[in-house]
Every structure is written in structure tokens, then in C-alpha cells.
Protein chains: 2
Amino acid sequence: MNSTRLADFMPYRMAITSNAVSGLIAGEYRSEFGLKIPEWRIMAVLGDAGSLTQRDLVQATLMDKVAVNRACKVLEERGFVHRSPNEHDGRSHHLELTTSGRDLHGKIWPQAVETYEKIFSAITPRELEKLRAILDKLLKAARAIEGDDK
Amino acid sequence: MNSTRLADFMPYRMAITSNAVSGLIAGEYRSEFGLKIPEWRIMAVLGDAGSLTQRDLVQATLMDKVAVNRACKVLEERGFVHRSPNEHDGRSHHLELTTSGRDLHGKIWPQAVETYEKIFSAITPRELEKLRAILDKLLKAARAIEGDDK
DNA sequence: ATAAGATCGTATCACATGAAACCAGAGGGG
DNA sequence: CCCCTCTGGTTTCATGTGATACGATCTTAT
């Protein structure tokens, strides 16, 4: 019998930890602002990048285009983003934060960062850098393998 | 404007990487054995621990009890696990791998480990240890905060 | 100019998932 | 012994999500 336990299996630990961290942040802004993860991501990107089309958002967030569409729709209904026609392409629109959207973004992002810092204060800056480097390598490796058999 | 980009946000990176790794492993045994993640986890734990009740499985896997129940049901239907009455408690049953279940487990787990090793060969043993330690700290920190405001 | 094909966004469907209701049995008092 | 509560397991329901199909528009080749 293989001695490796599920609880010690690295991918499993990564998943658990990642979920705990994301869940914590997600929980805060869900309860406080009523935003779900996809919506929050859109807000984050729009607040950072200015005016984008849905297509751009798909690329930026790595989310499904359906998810992007839905998130944009509710954000629009709630008055956080504004759609304006795209003069260069009749199919798509430009999306950007409204004043109230920008306002929300101004509160929400620092809040996420604050929670993040609370958690990550458990490790040293050196460790943080190490973590970043390691995750980078793993991601590259995973993508490389994925690419192989396709 | 806050200069931190979503793509650089650590929790985001963790999620992306973790998904890439898990997804890769999940993809393999889904296409090869037709097992979904919850089912695979149950197999892994049962193969490791022997005979357990659903309640034990919930505790061991941290999965929802509904998810556990569903996974057990399909595994039973496919003949990989066997239910026997629990003499000490008429409500629950003992679950254990059948011969064919044990057989499958014998193939599936090494396969997962192999894929895991392929990915994690991208980092050194020292880095792996470092990663384990860092994740541990983060998980503890997250859990501590979670516990606070509840 | 027109037809063919690609692309963006939207709607529809089928399935996965979690919450809550539910049932049967266990565990204690009284 | 009976009642009340608790708990393991199952079912149901409401919601979320991705794959797919679709319509409109853009692009390209003829």
C-alpha cells in the first residue's frame, strides 16, 4: 500500500490553502458589498485598466466569456459599470466603471489587500518571494505538460 | 490608484496555479477512469484507511456530506466499494473497497503520483519543503482569522 | 458587391453543487 | 417506557456554471 496520505499530497494541500485564503477574501466582500467572485474580478480589472470590452475582460481575467457577460450584466444593473457603444465594432461595447463603481472599487480593493496582508503577515518577505518563484515554476511546468498531450 | 494588479495578487496566483495542477491530475483520471474529483478522493481515502463510514469520510476529506454520499453511491453502483451494515449503529454503514476497487486504486494512485512528480520535478526538494512550510503557515493564519469574526 | 468564414456577445441547456428539509435510528433524561 | 433531542444519511430544491447553439456584425476573398 502506498504510504502517501491524501492529506500530505501536495496538490491537495495547495488546493486547501488556496481555498482558505480566497474564501476568506471572497467572504468579506460578499458579505460587505454583495459581490461574487466573478463580479469582483471584473471590478478589479476595470478599476485598474479603464475601459475594456468583454473580450478584453475574458483575456484579462481568464474567466469564461459567459461568466464575464453575466458579471457585467449585474454590475451594469447595479449601476457600477457603464456600457457605451464601440464605434469601431458594432458587436461590442466599451465597459467602464461609473462614478459609484469607481467609488466602490476604491473601497473594495484596499479591503481585499488588507485581508491579504493580514494573512500573509504570517510569512516573511523572503518567504513571499520564494513562494512567488515556486508557484511560477509550477505553473509553467503544469502548462507545459498540458500543452504536450493536446 | 492602487498599483497592485490582479495578476500579481498572490491569492489570485495561488488559485491559478493550484487549479492548473489539480486540473491536470483530475483530467488524467477522469479521461482514463471516468472518475470525478469527489469520487477519486473517496477512493484515495478508502484505499488508504480501509473501512470507514460516510461520516468518517466527511471528516477525512473535508468534503460536504452530500458530496460524499453521492460519490459513494456512484462508486457502489460501479462496483468499486461495498457497503456493509454497521452493527453498532443502524443508521450508517461501513464502506470499503471491493477487489475491483482495490485494483483500481492500485492503478489510479500511482498515476496521480506520477503526474504530480512530473510537475513538481520543476522545483528542488528544498523548495518543496519550503513550499510545504509556507502553505502551512498561511493555512493556519487564514483559519485563525476565520475563527476570529465568527 | 457578395459570399464565406470568423468573432463578439447573448441565450439556452444540462449538469454540478450547497443549503435546507427530511427520515430513521441513537442517546438521554424523566 | 416514553418523549425529546441529536446525529448519520438521503432527498429535494434553488442556484451557479460551462458547453453549446445562436444571431449579429466584422473581415476577407473572389
Side-chain angles (χ1 to χ4, degrees), chain A residues 15-16 19-20 22-24 26-27 29-31 34-42 45-46 49 51-78 81-96 146 150, chain B residues 15-16 19-20 22-24 26-27 29-31 34-42 45-46 49 51-78 81-96 146 150:
Chain A
I16 295 281
N19 282 347
S22 306
L24 204 50
Y29 58 68
R30 186 179 57 228
S31 64
L35 290 182
K36 300 182 200 143
I37 295 159
E39 287 145 28
W40 178 79
R41 282 195 186 167
I42 298 294
V45 174
L46 280 185
S51 173
L52 299 174
T53 68
Q54 284 188 192
R55 190 192 171 287
D56 297 331
L57 288 170
V58 166
Q59 199 177 1
T61 60
L62 298 182
M63 292 170 18
D64 189 89
K65 68 177 181 172
V66 179
V68 168
N69 182 315
R70 283 194 268 247
C72 290
K73 198 153 45 164
V74 330
L75 288 176
E76 194 188 358
E77 279 161 9
R78 295 184 54 186
V81 317
H82 175 70
R83 290 174 115 89
S84 48
N86 182 346
E87 59 281 7
H88 299 309
D89 189 332
R91 294 168 301 181
S92 67
H93 303 86
H94 291 303
L95 298 167
E96 57 190 337
E146 197 178 60
K150 273 223 166 164
Chain B
I16 295 281
N19 282 347
S22 306
L24 204 50
Y29 58 70
R30 186 179 57 227
S31 65
L35 290 182
K36 298 179 202 149
I37 295 161
E39 288 145 26
W40 179 79
R41 281 196 186 166
I42 299 295
V45 173
L46 280 185
S51 174
L52 299 173
T53 68
Q54 284 188 192
R55 189 192 171 286
D56 299 330
L57 288 169
V58 167
Q59 198 176 1
T61 60
L62 299 182
M63 290 169 23
D64 189 89
K65 69 176 179 172
V66 180
V68 169
N69 181 308
R70 283 195 266 247
C72 289
K73 199 154 41 165
V74 331
L75 288 175
E76 195 187 358
E77 279 161 9
R78 296 184 54 185
V81 317
H82 175 70
R83 290 172 115 92
S84 48
N86 181 349
E87 59 282 6
H88 300 307
D89 188 332
R91 294 168 299 181
S92 68
H93 303 84
H94 291 303
L95 299 166
E96 58 190 335
E146 197 178 61
K150 273 225 165 163

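Atom C1' of nucleotide C:dT7 and atom CG of A:L57 are separated by 16 Å, given to the nearest angstrom. Regarding B:H93, its NE2 atom lies at a distance of 9 Å from the P atom of D:dG9, rounded to whole Å. Look at CG on A:L52: it is 14 Å from P on C:dC8, rounded to the nearest Å. The CG atom of B:N19 sits 13 Å away from the P atom of D:dT17 (whole-angstrom rounding). As a whole-Å value, the separation of B:I37 CD1 from C:dC15 P is 18 Å. We find that CD of B:E39 is positioned 9 Å from P of C:dA16, with the value rounded to whole Å. Rounded to an integer number of Å, the gap from B:D56 CG to D:dG8 P is 10 Å.
Looking at heavy atoms from C-beta onward, A:V74 lies out of side-chain contact with A:L35 at the 4.5 angstrom threshold.
Taking side-chain N and O atoms only, A:R83 has a distance below 4.0 Å to OP1 or OP2 of C:dT10.
Pairs passing the side-chain hydrogen bond (donor to acceptor under 3.5 Å, both in side chains) check and including a residue from residues 61-73 of chain B, sequence neighbours excluded, do not occur. Contacts classified as salt bridge (charged side-chain N to carboxylate O under 4.0 Å, His left out) and involving residues 81-94 of chain B (residues at least two apart or in different chains) are given here: B:E76-B:R83, B:D89-B:R91.
Taking all atoms of both residues into account, the shortest heavy-atom contact from A:V58 to A:M63 is CG1-O, 3.5 Å. The two atoms that bring B:G34 and B:R78 nearest to each other are O-NH1, 3.0 Å, heavy atoms only. The two residues B:P85 and B:H93 come nearest to each other via the heavy atoms CA-CD2, 3.9 Å. Minimum heavy-atom separation, B:L95 to B:L46: O-CD2, 3.6 Å.
Only B:D64, B:V66, B:R70, listed by number, bring a heavy atom of residues 60-76 of chain B to less than 4.0 angstrom from any atom of DNA chain C.
Positionally, the nearest nucleotide of DNA chain D for B:Q54 lies more toward the 5' end than for the other of B:Q54 and A:D89.
Remark: A:D56 pairs with A:L52, A:T53 by the side chain to side chain contact (heavy atoms under 4.5 Å, CB included) rule, at least two apart or across chains. Partners of A:I37 by side chain to side chain contact (heavy atoms under 4.5 Å, CB included), not counting sequence neighbours, listed by chain and number: A:A26, A:Y29, A:R41.
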Every protein N/O lying under 3.5 Å from an N/O of nucleotides 27-29 of chain D:
none

